[in-house]
Amino acid sequence: MNTERTLKLYNSLTGQKEIFTPLTPGYVGMYVCGPTVYSDVHLGNCRTFVSFDIIYRYLLNLHYKVRYVRNITDVGHLTDDGEDRMAKGSKVAQLEPMEVAQKYTVGFHDMMRIFNTLPPSIEPRATGHIPEQIDLVQAIIDRGYGYERNGSIYFDVSKFNEENPGKYGQLSGRVIEELLTETRALKNQEEKKHPADFAIWMKGRPQDLMIWKSPWSVGFPGWHLECSAMSTKYLGQTFDIHGGGNDLKFPHHENEVAQSLGSCGHAPANYWLHTNMLLLNGKKMSKSDGNTITPEQLFTGTSEHIEKGYSPMEIRFFMLQAHYRSPLDITDHGLESAQKGYRRLMETYKILDGLAPHTEDFDGSESATDRAILDLVEQAYNGMDDDFNTAVALAALNEIGSYIHKIANQQLDARELAPWVLERIKTVFQNFIFDIFGLKEEAESGTDGTVEGLMNLILEIRAQARAQKDFNTSDKIRDGLSAVGIAVKDGKEGVRWEKTN
RNA sequence: GGUCUCGUAGCCGAGUGGUUAGGCACAGGUCUGCAAAACCUGCUACAGCGGUUCGAAUCCGCUCGAGACCUCCA
């Protein structure tokens with residue numbers, strides 16, 4: 001690939017695409033808000049982390065040394081009723097909070113593996129960083145932005161706003177005056193000076209299980225604090241990229257910015273990246289309206305929302321077809337379309353991989369086909385450079401695929417393709433499909449070669465039958481294979497077969 | 001109600017003011033013993049109304065519609 005590429009990304013902080021310039025040339029620090037492990041992983045999480053996986057992979061592909069930190073939230077994230085999510089989960093299941101955290105962390109990791117995401121460089125847990133969070137609270141108090149009420153510490157948003165005009169609300173586009181006049185009644189609001197203030201340390205109640213000693217009370221850290229503490233610890237006071245789902249922009253990320261500025265005077269990240277939501281039936285998934293589907297249901301097809309199951313890689317491909325900042329609506333038809341697209345791309349790759357260069361009477365010139373293909377290669381990488389536009393890259397690969405099929409079917413003279421161009425697109429396809437898009441082959445044919453052996457035998461018998469014009473036999477074989485889910489594809493170069501379900 | 005984003009063909013979904021996105025579906029054709037696959041051709045577009053411009057899907061305004069956030073959520 002080219003050595004000089006310009007990566008542009010959409011920075012939520014400024015609302016526009018910017019050229020990416022890392023703090024230290026060649027190195028990238030990226031923090032992504034991970035899941036709260038109080039229940040089974042939500043399909044929406046999968047999209048977010050697949051999106052950031054592709055971003056991570058592309059940064060690696062640009063030869064950056066990336067430190068990718070993605071946290072596990074296992075304390076401090078409260079429900080509407082002011083109850084800790086972890087504690088609630090543990091009471092319901094009669095488990096220690098840490099057992100709940102462990103159970104769903106394992107489940108989350110399993111799901112990430114199923115979707116073929118690369119593990120982050122560091123995966124810190126909130127409960128493992130209580131001292132760091134206490135230090136951060138102290139730093140905020142020391143700088144005058146934290147105040148105590150009955151053993152809890154709150155972040156003083158109005159004071160912060162007065163001394164740092166324009167900083168609070170910048171990320172999420174909030175109007176500070178409105179936030180400060182907000183009059184909604186919420187739990188624990190009575191302790192705050194202003195409704196917009198948020199807890200950075202909460203005093204524990206007798207029934208709370210996850211509590212720690214602090215200078216102010218035995219209690220637990222506020223939800224937003226962990227990310228500030230852990231990103232600072234592993235990436236520094238200011239780092240390159242901070243990411244997360246769109247719905248975390250406010251208040252979570254906005255408060256992170258305030259905490260960082262409020263504790264040390266530095267903004268946490270130069271670039272904020274936000275992924276968009278996964279929709280079902282055109283609306284955000286929501287358990288309460290039954291408009292939801294779990295990853296397992298999506299795999300098995302056991303949901304009223306879809307007619308059949310789809311594989312993890314088909315779903316990953318489905319996500320690739322949309323840009324990460326666009327909402328993506330899950331529909332049966334859309335998934336079906338992605339399934340076919342995924343299979344076609346993988347099939348194209350196999351054909352490409354088996355294509356031999358045409359070297360004998362190659363005259364060394366560059367044909368129109370060569371130029372068109374090289375241009376498409378350029379388009380694919382340019383797409384990724386433009387805020388990780390996987391849809392554009394995929395479109396370019398599809399067009400290259402069209403040339404590959406033409407050559408494989410001898411509909412286009414193989415001499416049109418210079419040997420070095422063929423090698424180039426082999427590398428490019430490999431690079432995109434496996435390294436950048438993070439797709440993988442799913443057809444699990446027997447690894448011991450039994451299935452290949454059987455198939456070769458069967459197809460050889462069929463070839464003989466066809467040669468003798470015994471079409472009864474050949475069609476019986478083809479139909480029989482089709483019935484067990486194997487498609488036979490006759491081509492000029494020979495017969496190919498593929499599992500279809 | 002406030003803030004923001006978006007409205008692209010049968011469906012999904014890209015799009016930097018002037019050049020075919022792509023996929024799926026559909027209809028013809030090539031290939032095939034017949035199919036499938038593949039390839040070729042075709043088919044439906046830029047919510048509406050104004051404005052800026054030589055030129056707007058792209059910029060601006062308004063209207064209508066949708067979604068997100070504002071409250072736990074990726």
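Residue numbers start from 1 in every chain, and the chains themselves are labelled A, B, ... in the order their sequence lines are given, proteins ahead of strands.
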key: Ion pair A:K8/A:D387, N-O distance below 4.0 Å   = no
query = Do A:Y154 and A:F198 have their ring centres less than 6.0 Å from each other?
reply = no
task = Can you tell me, in whole Å, how much space there is between the P of B:A36 and that of B:G28?
result = 12 Å
task = Could you tell me if the ring centre of A:H253 sits under 6.0 Å from that of A:H274?
result = yes
message = Which residue in the set A:V106, A:V100, A:I72, A:T73 passes side chain to side chain contact (heavy atoms under 4.5 Å, CB included) when paired with A:V37?
response = A:I72
inquiry  = Parallel, tilted or perpendicular, judged at 30° and 60°: which one describes the rings of A:Y349 and A:F434?
reply    = perpendicular
task = Using whole Å, report how far CG of A:N276 lies from P of B:A14.
result = 10 Å
inquiry  = For a quick check of understanding: with a heavy-atom distance under 4.0 Å over all strands, which category does A:L278 fall into, base, sugar-phosphate or nothing?
reply    = base
Under 4.0 angstrom between A:S172 side-chain N/O and B:C4 OP1 or OP2 = no
query = Looking only at atom C1', what distance separates B:C6 and B:G48, rounded to whole Å?
reply = 16 Å
query = What is the per-nucleotide protein-contact pattern of nucleotides 22-28 of chain B, from the 5' end, where B denotes a base atom under 4.0 Å from a protein heavy atom, S denotes such proximity for sugar-phosphate atoms only, and - denotes neither?
reply = SBBS---
remark   = Its contact letters, B for base, S for sugar-phosphate only and - for none at protein heavy atoms under 4.0 Å, make nucleotides 29-35 of chain B read --S-BBB
ask   = Which sits closer to the 5' end of RNA chain B, A:F318 or A:M285, going by the nucleotide each is nearest to?
value = A:F318
Sort me out a list of protein N/O and nucleotides 65-67 of chain B N/O pairs below 3.5 Å, or just none if empty.
residue	atom	partner	partner atom	Å
B:G67	OP1	A:K283	NZ	3.4

message = Expressed as a whole number of angstroms, how long is the span from A:L412:CG to B:C40:P?
response = 10 Å
key: B:G7 and B:G61, which share atom name P, separated by this distance in whole Å   = 16 Å
key: Ring centres under 6.0 angstrom apart (A:F49, A:Y68)   = no
ask   = Between A:N409 and B:A37, does any side-chain N or O lie under 4.0 Å from OP1 or OP2?
value = no
message = Assess whether a salt bridge exists between A:K426 and A:D353, defined as any Lys/Arg side-chain N lying under 4.0 Å from an Asp/Glu carboxylate O.
response = no
ask   = Do the ring planes of A:F250 and A:Y168 sit parallel (below 30°), tilted (30 to 60°) or perpendicular (above 60°)?
value = perpendicular
ask   = So what does A:G245 hit on the nucleic acid, given a heavy-atom distance under 4.0 Å: a base, only sugar-phosphate, or nothing?
value = sugar-phosphate
query = Roughly, in whole Å, what's the span from OH in A:Y10 to P in B:G15?
reply = 13 Å
remark   = Between CG of A:D386 and P of B:G15 the distance, given in whole Å, is 7 Å
inquiry  = Listing request: all side chain to side chain donor-acceptor pair (under 3.5 Å) pairs with a residue in residues 460-472 of chain A, at least two apart in sequence or in separate chains.
reply    = A:R462-A:D490, A:R466-A:D490, A:D470-A:T473
query = Is the ring centre of A:Y10 less than 6.0 Å from the ring centre of A:Y271?
reply = no
task = Rounded to whole angstrom, note down the P distance from B:U32 over to B:G15.
result = 42 Å
note = Here the distance between atom P of B:C12 and atom CG of A:L320, to the nearest Å, is 19 Å
task = Please determine if A:K406 and A:E416 form a salt bridge, counting it only when a charged side-chain N lies under 4.0 Å from a carboxylate O.
result = no
remark   = Across all chains, not counting sequence neighbours, the salt bridge (charged side-chain N to carboxylate O under 4.0 Å, His left out) partners of A:E123 are A:R70
Salt bridge present between A:D386 and A:K17 (N-O < 4.0 angstrom) = yes
query = Between B:A74 and B:G55, how far is it from one C1' atom to the other, in whole Å?
reply = 42 Å
Salt bridge present between A:K489 and A:E498 (N-O < 4.0 angstrom) = yes
message = Could you check whether atom NZ of A:K203 has more than 12 heavy atoms from other residues, nucleotides or ligands sitting under 6.0 Å from it?
response = no
request  = From the options B:C40, B:C69, B:A14, select the nucleotide whose nearest atom is closest to the side chain of A:N389.
outcome  = B:A14
request  = Take the protein atom CZ of A:F52 and the nucleotide atom C1' of B:A74, then report the distance between them rounded to whole Å.
outcome  = 9 Å
ask   = With a non-hydrogen cut-off below 4.0 angstrom, is A:H42 in contact with a base, only sugar-phosphate, or nothing?
value = base
task = For A:K406 and for A:E347, locate the closest nucleotide of RNA chain B by heavy-atom distance; then report the residue assigned to the nucleotide nearer the 5' terminus.
result = A:E347
key: Distance, rounded to the nearest Å, where A:D247 contributes CG and B:U5 contributes P   = 17 Å
request  = Can you tell me, in whole Å, how much space there is between the P of B:C60 and that of B:U5?
outcome  = 10 Å
inquiry  = Run through RNA chain B and report every stem of 3 or more consecutive Watson-Crick or G-U pairs, distances under 3.5 Å, ordered by first number.
reply    = B:1-7 with B:64-70, B:10-12 with B:22-24, B:26-30 with B:38-42, B:47-51 with B:59-63
query = Which of these nucleotides, B:A74, B:A14, B:C69, is closest to any side-chain atom of A:A322?
reply = B:A14
task = For B:G17 and B:A57, measure between their C1' atoms and round to the nearest Å.
result = 10 Å
inquiry  = Walk me through whether A:R125 and A:E226 qualify under salt bridge (Lys or Arg N to Asp or Glu O under 4.0 Å).
reply    = CA-CA 8 Å; A:R125 287 166 175 261; A:E226 53 181 276; over 6 Å; no
request  = Quick one: label A:A487 by what it contacts on the DNA or RNA (base, sugar-phosphate, nothing), any heavy atom closer than 4.0 Å.
outcome  = nothing
Pairwise C1' distance, B:U53 and B:U44 [rounded to whole Å] = 30 Å
task = Grab the CG-C1' distance between A:L328 and B:A14 for me, whole Å please.
result = 13 Å
ask   = Which part of the nucleic acid does A:S326 contact within heavy-atom distance under 4.0 Å: base, sugar-phosphate only, or nothing?
value = sugar-phosphate
